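Since the structure comes first, as structure tokens, the remarks are kept for the end.
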Amino acid sequence: MQASTPGKFVPYISASQSLPELTAIAIIFGIILAIVFGAANAYLGLKVGMTVSASIPAAVISMAILRGLFRRKSILENNIVQTMTTAGEAVAAGAIFTIPALFLWDLKPSQALTIFIAITGGIMGTLMMIPLRRLLIVNEHETLPYPEGTACAEVLKSGETGGNNARMIFSGFIVGGLFKGLGDGFKLFKTSVEAKVAGLKNAMIGMDVMPAMLGVGYIIGPRIAGQMIAGGLLASLVFVPLISFFGAGNTATIFPAKDVIGHLGAGEIYANYIRYIGAGAVATGGLITLIKTLPMLFTSLRDTLTGLKRKGAGVQTLERTDQDISGKWLVFGILAVILVIAFSPMTHIGIVGAISIAVFGFLFVAVASRIVGIVGSSSLPVSGMTIATLIIVTVIYKALGMTGTQGMATALITAAIVCMALAIAGDISQDLKTGYLVGATPWKQQVAMMIGVVASGLTIGFVLVLFDQAYKLGSDALPAPKAVLMKMIVEGLMAGNLPWDLIFIGAALAITIEFLGLNSLTVAVGFYLPLATSVPIMIGGAIRWLVEKMAKDDKTRQMREETGTLFASGLIAGEALVSVIVALLIVPGIVNPDAPTKVESMLLPFALFMGLAALLWWVSVKFANKKQEG
């Protein structure tokens, strides 16, 4: 790294140096990874309602291929690849939180509509964040750490170890993909196990024995995983038996169920009652998360506007590392996107909706860009901000006489574009921090981000259609929890036919959980999802705790955490991408998802999953020790 002079930060590659950066090979490779990681994160988000960062895996894979196969040594090329890859991840996050609700209404959005939402929202989020770069990334370099961006920069700078790290990812990829293929593709064994709990009517405990859930648990750690399973246990072992007990002697049906509770099984009680309580809890948890950030929101907006007025975001300097896209192009691009949204015939958003998108887009992009600088992308309240937008625009459209299915769809599309914009803004903020540390050229990164948005935006619709045809969005296979929640909110506000008593019980539950000192949104998501999803996540979190607990010092602990995270990322990517392949085989009828498994025993999948858990522990400890000794 270059020596730094007092008062001036000098990046890893100084402004006076010029290395290959936005090259054809970087763009092609970045597009491929953006599409691949976009599909993988779409599957994960539809499964558990959350996505994982793709920046570090993308940086490692990029170094392994560009350096290993093509013998290219430019760290700036690798940075372009990871920037474009994370665009795919962010587009997937923005899409799966909202667009599947249109499938649930049987509206079957066209590819053109999905592409429109992804690209307009993604481009707007990118363009609106660019004027904030100097203020947030440069001027507040010492006060805003941008944890994922800083970590990715360290990975890029230690590129000589990329081969070992890449082996971890590819090993996990092979294991995760093989496990998924044998289970759901060849139907050799069951992919879920369950058992009744004696003494508790309708109480069930079980788990999905899939590698992606194990990997997610390892990455998010024991605390978040523990809070998720707490919500799942509360739903399955407390609320379901409680409803079954009090409803056992009732001869009348209780809305929204169409049969007496005594005749309902665990799954039917979940579908008719728990899901609505969980929806109220998740919505309230999201809003609580947003409310908790309000002081930061107002401070961020004030500081951002003050900084822009004082510094003049459009001023260009001659230094390569401080050149953004021209201010004229930014203004033209933002206005063009807003006008396209306002007058597009395929959305019916209109001028009111476009103005709402512009206002909420600017507000939440500014907030998201600063919040991720403090707490990281994983703590960005995307769902809370989207819910707030959705509630307001739904009320506006209803007041304007836009009701029914058309009104609901228009409100959802409006919120979806804002959701896409803020997801992209949070992501590009981390990428620009990485670029600032390694010495990237900002305008080249910004162009790369938009290329990644367009590439993944053009394909995410096909991924959603494929998953809907193969697994059915909203089913047990892909519950799409956040999109189902958005659907419920819009329907309730437009038609007023929701079981509001259950919704309010969920809201009270979230408030109670918050007073217990827990993250109400995390617990609520665990409550809303089937317990079978939270159990393998908890096992992954427990392995992370065990691996770190057994470390003799901080250096060993950090090495084990990084090694396990790379292998876990491979497990997630492997299962997710094989799921896409299986879906491609299901649609033409080559694979029958309802075919019986060859081994009906639940002991085999349980044993295989525990073996996979042991492998994750062994890799985290064994290979971390090897890397440390080396």
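Side chains are part of it too, since the values below use all heavy atoms of this structure and drop only hydrogens, waters and symmetry mates. Because the structure is predicted, anything quoted here is derived from the model rather than measured.
- Results of the side-chain contact (heavy atoms from CB on, under 4.5 Å) test with Y146 over L432, L136, T434 single out L136 as the only residue that passes.
- Residue M450 forms a side-chain contact (heavy atoms from CB on, under 4.5 Å) with just one option from I428, L127, I119, and that option is L127.
- Within the 4.5 Å cutoff, the side chain of L612 has heavy atoms near those of the L571 side chain.
- For the residue pair N79 and Q82, a side-chain donor N or O sits within less than 3.5 Å of a side-chain acceptor on the partner.
- Taking 4.5 Å as the limit, some side-chain heavy atom of S14 sits within range of a side-chain heavy atom of V10.
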Start with the C-alpha distance between I539 and M207, add both sets of side-chain angles, then the distance that settles side-chain contact (heavy atoms from CB on, under 4.5 Å), and finish with yes or no. CA-CA 10 Å; I539 293 174; M207 67 175 178; 3.8 Å; yes
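- Proximity of a side-chain donor or acceptor of Y471 to a complementary backbone N or O of S579 within less than 3.5 Å is detected.
- Residues I137 and S429 come closest through the heavy atom pair CD1-O, 3.6 Å.
- Side-chain contact between M210 and L214: absent, with no pair of heavy atoms (C-beta onward) separated by less than 4.5 Å.
- The heavy-atom pair separating L76 from P20 by the smallest distance is CB-O, 3.8 Å.
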Evaluate V591 against F186 for side-chain contact (heavy atoms from CB on, under 4.5 Å), listing each step before the verdict. CA-CA 8 Å; V591 171; F186 291 98; over 6 Å; no
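- Side-chain atoms of T565 and Y218, non-hydrogen and from C-beta on, do get closer than 4.5 Å to each other.
- Contact annotation: the side chain of L616 never approaches that of R544 to less than 4.5 Å [non-hydrogen atoms, C-beta and beyond].
- Of all non-hydrogen atoms in P442 and R320, the two that sit nearest each other are CD-O, 3.6 Å.
- With K47 contributing its side chain and A477 its backbone, the two residues share a donor-acceptor pair below 3.5 Å.
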What verdict does the side-chain contact (heavy atoms from CB on, under 4.5 Å) test give for V438 and I13, after you've listed the backbone C-alpha separation in whole Å, the side-chain angles of each residue and the deciding distance to 0.1 Å? CA-CA 6 Å; V438 302; I13 303 297; 5.7 Å; no
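- The minimum heavy-atom distance linking P481 with L46 is given by the pair CD-O, 3.6 Å.
- A side-chain donor-acceptor contact under 3.5 Å links T556 and D553.
- D324 and Q446 are linked by a side-chain donor-acceptor pair at a separation below 3.5 angstrom, with hydrogens and angles left out of the test.
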The test is side-chain contact (heavy atoms from CB on, under 4.5 Å); show your working for F179 and L608 and say whether it passes. CA-CA 9 Å; F179 201 105; L608 289 172; 3.9 Å; yes
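- Residues L33 and M84 form no side-chain contact, since every pair of their non-hydrogen atoms from C-beta on lies 4.5 Å or further apart.
- Centroid-to-centroid, the aromatic rings of Y436 and F9 come within less than 6.0 Å.
- With hydrogens and angles left out, the side-chain atoms of R560 and S620 include no donor and acceptor closer than 3.5 Å.
- With hydrogens and angles disregarded, a donor-acceptor distance shorter than 3.5 Å links the side chain of Q445 to the backbone of D431.
- I424 is not listed as a side-chain neighbour of M129, based on a closest heavy-atom distance of 4.5 Å or more.
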